[in-house]
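A short worksheet on the structure shown next.
Because the structure is a prediction, the values reported are computed rather than measured. All heavy atoms count here, side chains included; hydrogens, waters and symmetry mates do not. Naming convention: chains lettered A, B, ... in sequence-line order (proteins, then strands); numbering from 1 in each chain.
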Number of protein chains: 2
Amino acid sequence: MWETGVTQILRKWREQGHTRLDCAKIVSTRTSRGGLDQWRWTVPTSANRSVSVKDVAAAAGVSLGTVSNVLNKPDRVSEATRQRVLAAMTDLGFVRNESARQLRSGVSRTLAYLMLDASNPFFTDVAAGIETEAETHGLTVVLCNSGSRGAREQAHLELFEQQRVQGLLVTPVDPDSPTLDAVARRGTPVVIVDRTRDDDSLCSVAVDDVLGGRIGIEHLLDRGHRRVAFIGGPADLGQVRDRLEGARSAWSDAGLDPEDLLTLRTEDLRVADGREAGQRLVGLPASRRPTAAFCVNDLIALGLLQQITQAGLRTPDDLAILGYDDIDYAAAAAVPLSSVRQPRQQLGRTAADLAMTEAAGGPHTHRRVLFTPELVARASTLG
Amino acid sequence: MWETGVTQILRKWREQGHTRLDCAKIVSTRTSRGGLDQWRWTVPTSANRSVSVKDVAAAAGVSLGTVSNVLNKPDRVSEATRQRVLAAMTDLGFVRNESARQLRSGVSRTLAYLMLDASNPFFTDVAAGIETEAETHGLTVVLCNSGSRGAREQAHLELFEQQRVQGLLVTPVDPDSPTLDAVARRGTPVVIVDRTRDDDSLCSVAVDDVLGGRIGIEHLLDRGHRRVAFIGGPADLGQVRDRLEGARSAWSDAGLDPEDLLTLRTEDLRVADGREAGQRLVGLPASRRPTAAFCVNDLIALGLLQQITQAGLRTPDDLAILGYDDIDYAAAAAVPLSSVRQPRQQLGRTAADLAMTEAAGGPHTHRRVLFTPELVARASTLG
DNA sequence: TTCGATGATTGAAACGTTTTAATCCGGAAC
DNA sequence: GTTCCGGATTAAAACGTTTCAATCATCGAA
């Protein structure tokens, strides 16, 4: 029986990575079986526990509840003890444990924004809008970046839900993803940013992309262009689809031949894709080459501008360029870029607002907010 | 005595916002005084409790500990029960409560990066580096933006510390701020990103700015410039100070008159500040105007480029421009911008790595990592 | 048969807060 | 002198996990 005990101890001991057995640490306990076949021992613990309200209470000579009151309802505690508690806190280096706070109170103080692409200034501007709105309500915003990757988006969504954030703003890879519905159904307010759904199953804030496409083409028509390229992709992206739809309808409304509205697809929406599109455009014989390009976002427009400039073409004389988003760098480009501007900051502010009102409880019906884009004409189309 | 009881009840009742008193809800309790002067009542609670492990356990017919094991040590539980528990989870829509998890286990699964300016692509690139490194270790990264505002930085630091993040990466407004030391002393690993301190009191990852300044000036000297403006501010910013120091020492090493290295201060480091500096530069008589400008970052360089182009000057013939950071938009500018490149992504990766090793425990000595910048010459200085 | 080993499962104790009913106490009102 | 009131304070019960010793069941070897 003694053997058994020792064997068991040694196994566990080894499992825990110990190499030497210190018998002084072994203490016997009795079991229901009546024998000495179970053992317990202590290991030296690196007593690095952090300071808790309990410690503060002890140091200040008050009860634990009073410390909590100092933190949460300062007016309920007399000035003298308040000072004493505050002093104890700084003395001991007390840091409130947010996990415990949130677990007990059930309320989180953060709003989350899951960005599609943090390197695109459009989304950081939206984020800035969210931040300003959240700040006025005393919430902090945490940002995450999916980088257009579904798996990462999924992982971030899960973590945010587990963290019980107050609201979850997201520019999703696919706005129709059922994951979003699942999250919302389980109780986290979800707001789709810069995308929409056809139904009203979730709150969303976006800009009227069909109208934006129309505005862009109308501007180019005004400037006399009759052979235009629409550059953008991927084809299944809602933004691209809608803007193209608007462009096409404006084009046909003007009674022009659909053939003359060339569509150039790109892999993605980055500067590199614009350069690549530029190469294809430059490769066309001058007679068939469009006189203007309407890019589905500014990054593509910038890449295009750079590429065709390198190839010796001039903007807007040889090729007028119209972008979309009006990011700060658009105005600072080699040839200041005309662009369709979206109210980015307001997009963020409104989204945050929707999330917070939904989180506040009360009767809620999902809202779909649609902003109107506006044309900003600069040298790249004016000449 | 009856009166007293009713008075007390009514007061509390009113405090809770009730307008009508439902006597059926009142239940008397006896107190130590023996009288009926204390009361208790129940209010209808909106039973909206979320699903917990307890519920899952009940549904699956196992104990609460087993559910936890399915979550954390799946190999310790038999396949059959594992499936049963998993099924119960999806049926009930169970979402693990991260607060409770972290409170009990004491371990957080997130790394935080507090950015100085989310709209500056330099920092989002650093963030991308952090993300890739963290991902390989199974951590998620949350981003926050201080927008160069000390108060907001402070608030975010506090929240992150309260959340007990595993590591806290920060590009601070002021790297010498004692707040950072305080946070680190209390146990959160802190890594300063893209800034350094003179002492080694914290881990930091940065790029050798003195060397960067030197490299920049040497390039301009190579191109034959003998009257150069160094543009940047604020003067008390470490980056600005160091790059200027490097620039000056390279200048004097070449045996040139310090007077000919003009210094133009700017308010901040944004595009608008570059434009403003451009106006001042254009205002100078051509004879005294520098032939090249070395800007302390690309945003200023872009603003400068835009402004002097508008004023009819040409780059690089009338004014060569050299930036710093080599952000993507530098290459895409009207005149592709020469720039001093910093290894942004690697900066982020290394910072994340430092934080995680410090968090892993064990003996730790703070490290100061310094990367070497490199010159990327483009049309804005080559012509 | 019995004992020991192994693997699956359970029960109960944490973790650090917030919440809330209860207590205490000095003073005002009767 | 009671009685009542209100403000300050306290004690104890949550919150939803993870952890870990203890138990249970099964099986192989002695």
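The separation between B/R101 atom CZ and D/dC15 atom C1' is 17 Å, rounded to whole Å. One interatomic measurement links the two molecules: CG of A/D75 to P of D/dA8, which rounds to 9 Å at whole-angstrom precision. The CZ-P distance, from B/F94 to D/dT18, rounds to 7 Å in whole Å. To the nearest angstrom, C1' of D/dT9 lies 14 Å from NZ of A/K73. Separating the CZ atom of A/R164 from the P atom of D/dG16 is a distance of 9 Å, rounded to the nearest angstrom. One interatomic measurement links the two molecules: NZ of B/K54 to P of D/dC15, which rounds to 7 Å at whole-angstrom precision. The distance from atom CG of B/L64 to atom P of D/dT17 is 8 Å, rounded to the nearest whole Å. Protein atom CG of A/N69 is 14 Å distant from nucleotide atom P of D/dA11, rounded to whole Å.
Among the nucleotides C/dC15, C/dG11, D/dT10, the one closest to any side-chain atom of B/S63 is C/dG11. For B/S52, counting side-chain heavy atoms from C-beta on, the closest listed nucleotide (D/dT10, C/dT10, D/dG16) is D/dG16.
Of the N and O atoms on the side chains of B/Q83 and B/E79, at least one donor lies less than 3.5 Å from an acceptor on the other residue. For the residue pair A/R101 / A/N72, no side-chain donor-acceptor distance below 3.5 Å is found, with atom types taken as modelled.
Note on B/S105: only backbone sugar-phosphate atoms sit closer than 4.0 angstrom, heavy atoms only; bases stay farther off. Counting any heavy atom pair closer than 4.0 Å across all strands shown, A/T66 reaches a base atom. The residue B/S68 sits close to a base: some heavy atom pair falls under 4.0 Å. B/S99 comes within 4.0 angstrom of nothing in the nucleic acid, heavy atoms only. Within the 4.0 angstrom heavy-atom criterion, only backbone atoms of the sugar-phosphate kind lie near A/V77; the bases stay farther away.
For the pair A/Q163 and A/T110, the minimum side-chain heavy-atom distance is 4.5 Å or more. No side-chain heavy atom of A/S52 sits less than 4.5 Å from a side-chain heavy atom of A/N97.
Within the 4.0 Å cut-off from OP1 or OP2 of C/dA8, not a single side-chain nitrogen or oxygen of B/T81 is found. Distances shorter than 4.0 Å separate none of the side-chain N or O atoms of B/N97 from OP1 or OP2 on D/dT17.
Both A/R76 and B/R96 sit near DNA chain D, but only A/R76 has its closest nucleotide nearer the 5' end. When each of B/R84 and A/L103 is assigned the nucleotide of DNA chain C bearing its nearest heavy atom, the one mapping closer to the 5' terminus is B/R84.
The base of C/dA14 sits within donor-acceptor range of the side chain of B/R104, with an N or O pair under 3.5 Å.
Here the options are B/R152, B/H156, B/E153, the test is side chain to side chain contact (heavy atoms under 4.5 Å, CB included), and the partner is B/N145; only B/R152 passes.
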